2 protein chains.
Amino acid sequence: MTNPSPDLSPSIIVSAVRASCATCSMHQLCLPMGLGENDIDKLDQIIGRRRKVPRDGYLYRMDDPFTNLYAVRIGHFKTYQVNAGGEQQITGFQMAGELLGMDAISTDRHHCDAIALEDSEVCEIPFPRLEELFGSMPILLRHFHRMMSQEITREQSVMLLLGNMRAEQRFAAFLVNLASRYVARGYSSTSFQLRMSREDIGNYLGLTIESISRLLSKFKKQGLLKVSNREIELLDLVTLKAMAAGTETCS
Amino acid sequence: MTNPSPDLSPSIIVSAVRASCATCSMHQLCLPMGLGENDIDKLDQIIGRRRKVPRDGYLYRMDDPFTNLYAVRIGHFKTYQVNAGGEQQITGFQMAGELLGMDAISTDRHHCDAIALEDSEVCEIPFPRLEELFGSMPILLRHFHRMMSQEITREQSVMLLLGNMRAEQRFAAFLVNLASRYVARGYSSTSFQLRMSREDIGNYLGLTIESISRLLSKFKKQGLLKVSNREIELLDLVTLKAMAAGTETCS
DNA sequence: CGGCGGGTTGATTGCCGTCAAGGCATGTGG
DNA sequence: CCACATGCCTTGACGGCAATCAACCCGCCG
């Protein structure tokens, strides 16, 4: 699960090799999906810049004015809300090829904070310029709608998770979800690194850090997975999937 | 909160009085928001029909092919997901001026069931025809994006609710949310009817019907509200809002 | 060395789910 | 009219799951 492609260190590379959607390994998952060469070029021309965000750095903060969407190129992010009482809730973890900032369109201000979980890189997509493209690129528009819609359905399944599932089931669903997203990106579905802390996982799943720790130990004892620090290996994806689907009796 | 306008009974009225966005009382909340006369006309021309859905009737079901979005004209709906284990989770309650079906764009199939909570009426919006309009009506497109984005932020606040709040806070947030939506529609923010059963409320909030009942009794004792069956009156909206925001110590 | 952040594990508490009984309104049939 | 059933809701008693509180481990770093 370590990234094979361009290394992160010298920022000079980013400007030297003019990064483009056409050559990006994520272009079949990301915004340009399904576009022809011409259209990809047009999209490339509006992409502002590739922006690096260091680990724990903010990509944007709540109430920041909305100017760009961001496509994750490299790395992982988390987004979270904070309510008036100061409690925070992580609303999602984003990885390469996924879009950030769609929740800001409605009010022209960001509704959440976005923080990099590791040294990461995003493509800045100036939204007004993207809108200009929509008129002449129906395929792009269509795919953009799909991505927004997908975000809606994703959140609905989190609602199902938070509203109906017990701790064990939530955690299984979380692992299975990560596995499926990694496999879609060409990585192993059974062996990967947790980019987020136990605390982040717990917050996302509506549980405490202690519960996450206990669940990891329990699953380990049951032979469902191996875990060492943040390195994880899923040994019985079938059972985990059954647990996530709610078709497995909680042992 | 009873609807003043056209009665529901004889379906002939629907076709006789050619309903239109221009004359609809919801057009400042709904899809045509901000459109000029010409554009509203164009939008009107693609609206398929006004469809009635009786109480407890399905507007659409999970896995139905996606052809239309629906704008609620009259009445209330609930949408819910069902997982493989058969457990269901209500993902939202929709009222006049709100859009249903956006979660289906990503896969061309509906991801949830939508059921009318009372005799209701919707406008069918054939999505392919709506897409045709987008090219020439940037204002419409913009507003459509705002509505999708709003749905994303709405779901994020539900995630905050389900992930972080205690029962009392959840229920207060629920009531305050209803109040604000009714006031935006010109109704009283303090006195309205719950269109959904206690069971539906509990399911939506990740609680049991018994908890909802107890919370209603508790709030009644505290003088926060009056309730009789489904008729409700909020007596202390300030405190309820503070509870919802998490700035009130749970008494 | 000591402090610190992140993680694990154990003991205890408490919120809310579960189970159970009953209230109340409505409908149906005798 | 009553008897009875049904759906929706309320209230109480009890118990379980996960939160809370606390101690400790481990690796890292100044």
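Atoms considered below: every heavy atom in the structure, side chains included; atoms not considered: hydrogens, waters and symmetry mates. A note on names: the letters A, B, ... follow the listed sequences, proteins ahead of strands, and every chain is numbered from 1. This structure is a prediction, so every number in the text was calculated from the model and none was measured.
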Chain A reaches DNA chain C, atoms under 4.0 Å from its heavy atoms, from C:dG7 to C:dA11
Is the shortest side-chain N/O distance from A:S211 to OP1 or OP2 of D:dA19 below 4.0 Å? yes
Could you tell me how the ring of B:F192 sits relative to the ring of B:Y182: parallel (under 30°), tilted (30 to 60°) or perpendicular (over 60°)? tilted
Atom CD of A:E199: over 12 foreign heavy atoms under 6.0 Å: no
Examine the side chains of B:S157 and A:Q81 and answer whether a donor and an acceptor come within less than 3.5 Å of each other. no
Heavy atoms only, 4.0 Å cut-off, all strands: where does A:I212 land among base, sugar-phosphate and nothing? nothing
Produce a footprint string for nucleotides 22-30 of chain D: one letter per nucleotide, 5' end first; B if the base is under 4.0 Å from any protein heavy atom, S if only the sugar-phosphate is, - if neither. B--------
Indicate whether OP1 or OP2 belonging to D:dC8 is found under 4.0 Å from a side-chain N or O atom of B:S197. no
Heavy-atom nearest nucleotide on DNA chain D for B:E199 versus A:G206: which residue maps closer to 5'? B:E199
B:E87, B:Q88, B:Q89 screened by side-chain hydrogen bond (donor to acceptor under 3.5 Å, both in side chains) with A:N164, the one that passes: B:Q89
I want to know whether A:F219 and A:F171 have ring centres closer than 6.0 Å. yes
Describe the nucleic acid contact of A:R170 in one word from base, sugar-phosphate, nothing, applying a heavy-atom distance below 4.0 Å. nothing
Do other residues, nucleotides or ligands put more than 12 heavy atoms under 6.0 Å from A:K78 NZ? yes
Determine the contact category for A:S213: base if any of its heavy atoms lies under 4.0 Å from a base atom, sugar-phosphate if only primed atoms, P, OP1 or OP2 are that close, otherwise nothing. base
Taking the ring centre of each residue, are B:F77 and B:F93 less than 6.0 Å apart? no
A:Y80: ring pair (Phe, Tyr, Trp, His ring centres under 6.0 Å) partners, not counting sequence neighbours: none
Figure out the CD1/P separation between B:I209 and D:dT11, and round it to whole Å. 13 Å
Taking atom types as modelled, find out whether B:Y58 and B:R61 have a side-chain donor-acceptor pair closer than 3.5 angstrom. yes
Are any of B:R214's side-chain N or O atoms less than 4.0 Å away from OP1 or OP2 of D:dT10? no
